[in-house]
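The block underneath contains the structure these notes are about, expressed in structure tokens.
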Amino acid sequence: MNLTIVGCSGSFPGPDSPASCYLVVADGFRLLLDLGNGALGSVQRYASLDAIDAVCLSHLHADHCLDMCSYNVVRTYHPSGPMPRIPVHGPAGTLERLDRAAGADTGTTMAAAFDFVTLSPGRFEIGPFVVTAEHMNHPVETFGFRLEHSGRAIAYSADTGPTDALVSLAAGADVLLCEASFNDGPDLPADLHLTAGQAGEHAARAGVGLLVLTHLVPWNSKERTLAEAGARYSGPLALSSPGLVL
Ligand SMILES: [Zn+2]
Ligand SMILES: [Zn+2]
């Protein structure tokens, strides 16, 4: 499996990164995990937009799904003609939400360009990947994912507050792509996001091979985020950055 960080900015795009988007490739199959605002432009650095085979959306916050509206334009109005429908896995209500965001008053629907598949917890296949989806701890229905292929595993937290479900989802994974939206501090909102220290703690409990901190909010200090995670996790650790390939 080849994982490319397309966008890793948390909650909104930053000056150097789009919001959440990750490209995972195996056996020539290209899967996008999330397609947050600003990400569609950067995807084109790593893959042609007609060469994406499936999209998997963790949840319906704008920073994880909004560029589906722009991708719909590309697949529908390309001068070579409409592109074939590809599957888009997302929480219940994904099509309706995206249609509203794209302007359903025009009478068009994204169902013409994409085959929407409703996620539920459990194991299933997307192309060559064996995917496990589990509910995370976030104010809207949110799925974390574990992708397995050829004996390797990547886990992705999506957005989540502390949850044992992330520990079991990521157990023994080669890579945990884990959100670290907050730095330590008083009065942090509950059940919304992880601190970097909590990301480290979840990674340590899961026994992952490499922790990659992501969903990095532009107003936080990256150095402090790395240090706080490192204080709770002694294994290999990295900050995500656009273009990083694992
Ligand atoms: Zn987010
Ligand atoms: Zn969110």
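When a residue number appears, it is its place in the shown sequence, counting from 1. In each ligand, atom 1 is the first atom listed, and ligand 1 is the first ligand listed.
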Exercise for the section: Without swapping roles, check the side chain of Thr225 against the backbone of Ala196 for a donor-acceptor pair under 3.5 Å. Expected result: no
Handout entry: Parallel, tilted or perpendicular: ring planes of His61 versus His138, cut at 30 and 60 degrees
Key = perpendicular
Exercise for the section: Check whether any N, O or S atom of Glu179 sits under 2.8 Å from the Zn ion (ligand 1). Expected result: no
Practice task
Return yes when at least one N/O/S atom of His215 is nearer than 2.8 Å to the Zn ion (ligand 1), and no when none is.
Solution key: yes
Handout entry: N/O/S from His193 sitting under 2.8 Å away from the Zn ion (ligand 1)
Key = no
Exercise for the section: Find the distance between SG (Cys8) and CD (Glu179) and round it off to the nearest 0.5 Å. Expected result: 13.0 Å
Problem - Short side-chain to backbone donor-acceptor contact, Asn137 and Pro162, under 3.5 Å - result: yes
Practice task
Determine which of the N, O or S atoms in Asp63 is closest to the Zn ion (ligand 1) and give its atom name.
Solution key: OD2
Fill in the blank from the handout: The atom name of the N, O or S atom in Asp159 nearest to the Zn ion (ligand 1) is OD2
Practice task
Kindly confirm whether the Zn ion (ligand 2) is within less than 2.8 Å of some N/O/S atom in His64?
Solution key: no
Problem - Between Ser240 and Thr214: side-chain donor-acceptor atoms closer than 3.5 Å - result: yes
Problem - Test: Arg224 and Glu228 ion pair at under 4.0 Å - result: yes
Completion exercise
In His61, the N/O/S atom nearest the Zn ion (ligand 2) carries the name ND1
